[in-house]
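See structure below.
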Amino acid sequence: MAARIRAVRALQVLDSRGNPTLEAQVTLADGTAASAQVPSGASTGRHEARELRDGEGGAYGGKAVSAAAANVCGPLDEALRGLRLDDPARADEIMIGLDGTPDKSRLGANAILAVSCALARAVARSRGLPLWLSLAGGRRAKMPLPMVNILSGGLHAGRQIEFQDFLAVPHGFRTFAEAIEAAAAVRSRMVGILRADGRLPDGVADEGGLGPRLESNEQALDCMVRAIEAAGFEPGRQVSIAIDAAATHFHRAGEYRLASEGRTLDAAGMIALYGRWLDAYPLVSIEDALAEDDWDGWRAARRALGGRCELIGDDLLVTNPSRLERAIATRAATAVLVKMNQIGTLTETLRVVDRAEEKGFRAVVSARSGETEDSFLADLAVATGAGHIKVGSVTRSERLAKYNRLLRIEAGWDGRSPEGLAPVRPLGHHGCRGDERVNDA
Ligand code: PGA
Ligand code: ZN
């Protein structure tokens, strides 16, 4: 018989940027206890659920989360105490109902998500299952393919260049361990290339990538190809490139402003630019190619590019079931970025991943730029068989917590192992016409 919830509480801890965040702890009547921490974004989308911060006059320059912690220890504890955990979605439904707002702004998406994840972990522990297996339910658990941040720009690296992430996608390997090794080799070669060019920055960007000052966004792609080759890999066959443009954050008054290049493009100009990059580079995936409310642009992007690469919606879709439905109905995007704190519960997150899968959208489980040592989303990526995981670079321990957890899962340290790496079709450069599921060309 499923255990009951005995108590829920929360503590203010710090994230990888040194900002306060929440850790919730759940205790069950059978004595099991488990906790979970929540992350926080910097290049956030307008349509995300709201994290609750104390605001002006509060500690940590107003960023403290003591009100959110009090909501966990007060109303959420009261509402959940004694609940029998036979239906995993029930606790999330109760919290959503108690909050009562569409964006979880009353109790805070941070408060609700911390409890949601801690509960899932407590349930897994109480059942004696590894988290990924407990979360999987009827889904086919699989090791994900990592998309690893190598170069950073935009809001994560002082806007040296506008595009936010240039990532290595090591798809030509048999195991997660080999894929991570390849990504680490590319990153290390990139350090050498930037040093030789006199462009190696001091320190690392928010997600552990390198944030150099470059002459153009395109130069980042040149550097990526050089680093992949220098590491001994064939670009497009073993290691390809993904971009997170995070275009919302350089979009003003209907225009995309590439300040570092001294030019401005409209949506058609951006799509033409991506088209040229797809011709010239082993590019397999573009995230937030256009801004969060540029639905017409997104539809045009999918018509023009959707057969050649993944078009991932992050700020566009914000892990939100209704925005995903709109993208499905209107043929905008071909994949969804999955960030639990954009929606605020595990149940709604799983609903988005399942619906994406059903409609032929790929799902990419993602961390935030402000992260913690919690590795929950490594288990989530495996459980959902989503296929991809994007948690930043291979430095900084808040990133490595996820990669190292995946290495342990793959090695069978939980006593059970999921299937191998998700098969990823060689899109783009050397690839076929790409993804027929969503190809409306
Ligand atoms: P964020 O960035 O966590 O700052 O929103 C991550 C991303 O844009 O993918
Ligand atoms: Zn993004």
Side-chain angles (χ1 to χ4, degrees), residues 15-19 21 37-51 53 63 109-110 113 144 146-159 161-169 204-209 211 217 241-251 256 270 274 285-294 298 301 309-320 323-324 327 333-344 349 352 362-372 374 376-377 380-381 386 388-393 396 398-399 402:
D15 73 13
S16 57
R17 280 193 275 253
N19 293 329
T21 191
Q37 299 167 326
V38 292
S40 179
S43 76
T44 48
R46 231 159 55 83
H47 306 285
E48 294 191 20
R50 300 278 156 220
E51 54 184 28
R53 298 201 178 267
K63 289 185 175 156
N110 43 354
L113 181 65
M147 303 170 78
V148 179
N149 180 309
I150 306 293
L151 295 176
S152 289
L155 290 174
H156 294 171
R159 293 187 188 273
I161 48 175
E162 287 71 32
F163 284 55
Q164 184 177 282
D165 295 6
F166 292 83
L167 308 108
V169 187
V204 296
D206 281 6
E207 298 193 351
N217 289 282
I241 302 173
I243 296 174
D244 180 2
T248 302
H249 305 285
F250 55 87
H251 183 252
Y256 294 90
M270 290 290 285
Y274 295 129
S285 172
I286 307 172
E287 178 180 329
D288 281 353
L290 297 168
E292 61 196 348
D293 289 311
D294 189 354
W298 273 91
C309 67
E310 291 293 349
L311 293 169
I312 306 175
D314 172 12
D315 292 350
L316 177 77
L317 303 178
V318 291
T319 319
N320 182 305
R323 291 184 73 88
L324 176 62
T334 67
V336 56
L337 201 76
V338 176
K339 292 167 164 170
M340 287 190 289
N341 79 328
Q342 285 181 325
I343 188 68
T349 304
V352 164
R362 207 159 251 155
V364 180
V365 172
S366 170
R368 300 306 306 240
S369 52
E371 264 297 332
T372 72
D374 195 318
F376 192 104
L377 60 86
L380 179 71
H388 294 286
I389 190 166
K390 174 180 175 245
V391 300
S393 203
R396 297 182 61 135
E398 78 277 7
R399 315 286 146 194
K402 284 71 164 171

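Atoms within each ligand, like the ligands themselves, are counted from 1 in listed order. Along the sequence shown, residues carry numbers from 1.
Atoms of ligand 1 lying under 4.0 Å from at least one heavy atom of K390, given by number and element, are 7 (C), 9 (O). Close approach of ligand 1 to H156 (heavy-atom distance below 4.0 Å) involves ligand atoms 1 (P), 2 (O), 4 (O), 6 (C). Taking every non-hydrogen atom of D314 and a distance limit under 4.0 Å, the qualifying atoms of ligand 1 come out as 7 (C), 8 (O), 9 (O). Interface atoms of ligand 1 facing E207, defined by a heavy-atom separation under 4.0 Å, are 2 (O), 6 (C). Ligand 1 places these atoms under 4.0 Å from at least one heavy atom of E287: 9 (O). Atoms of ligand 1 found under 4.0 Å from any heavy atom of L337 (numbered from 1 in listed order, with element): 9 (O). Heavy-atom proximity to R368, at under 4.0 Å, picks out these atoms of ligand 1: 1 (P), 3 (O), 5 (O). Distances below 4.0 Å separate heavy atoms of D244 from the following atoms of ligand 1: 7 (C), 8 (O), 9 (O).
At distances below 3.5 Å, not a single donor-acceptor pair connects side-chain atoms of D314 with backbone N or O atoms of E287. Not a single donor-acceptor pair under 3.5 Å links the side chain of S369 to the backbone N or O of G41. One N or O on the side chain of R17 and one on the backbone of S40 form a donor-acceptor pair closer than 3.5 Å.
Looking only at heavy atoms of the protein, atom 7 (C) of ligand 1 is closest to K339 NZ, 3.1 Å.
The shortest distance between side-chain heavy atoms of L167 and N149 falls below 4.5 Å. Counting heavy atoms from C-beta outward, W298 and L290 have side chains that approach closer than 4.5 Å. Looking at heavy atoms from C-beta onward, V352 lies out of side-chain contact with I343 at the 4.5 angstrom threshold.
Residue side and main chain included, E287 places an N/O/S atom under 2.8 Å of the Zn ion (ligand 2).
Our summary of the site lists the angle at the Zn ion (ligand 2) between OD2 of D244 and OD2 of D314 as 170°, to the nearest 10 degrees.
Between D293 and R323 there is a salt bridge, since at least one side-chain N of the basic residue sits less than 4.0 Å from a carboxylate O of the acidic one. Ionic pairing of K339 and E48 is not present here: no N-O contact between side-chain nitrogen and carboxylate oxygen is shorter than 4.0 angstrom.
Below 3.5 Å of separation, one finds an N or O of S369 facing an N or O of ligand 1.
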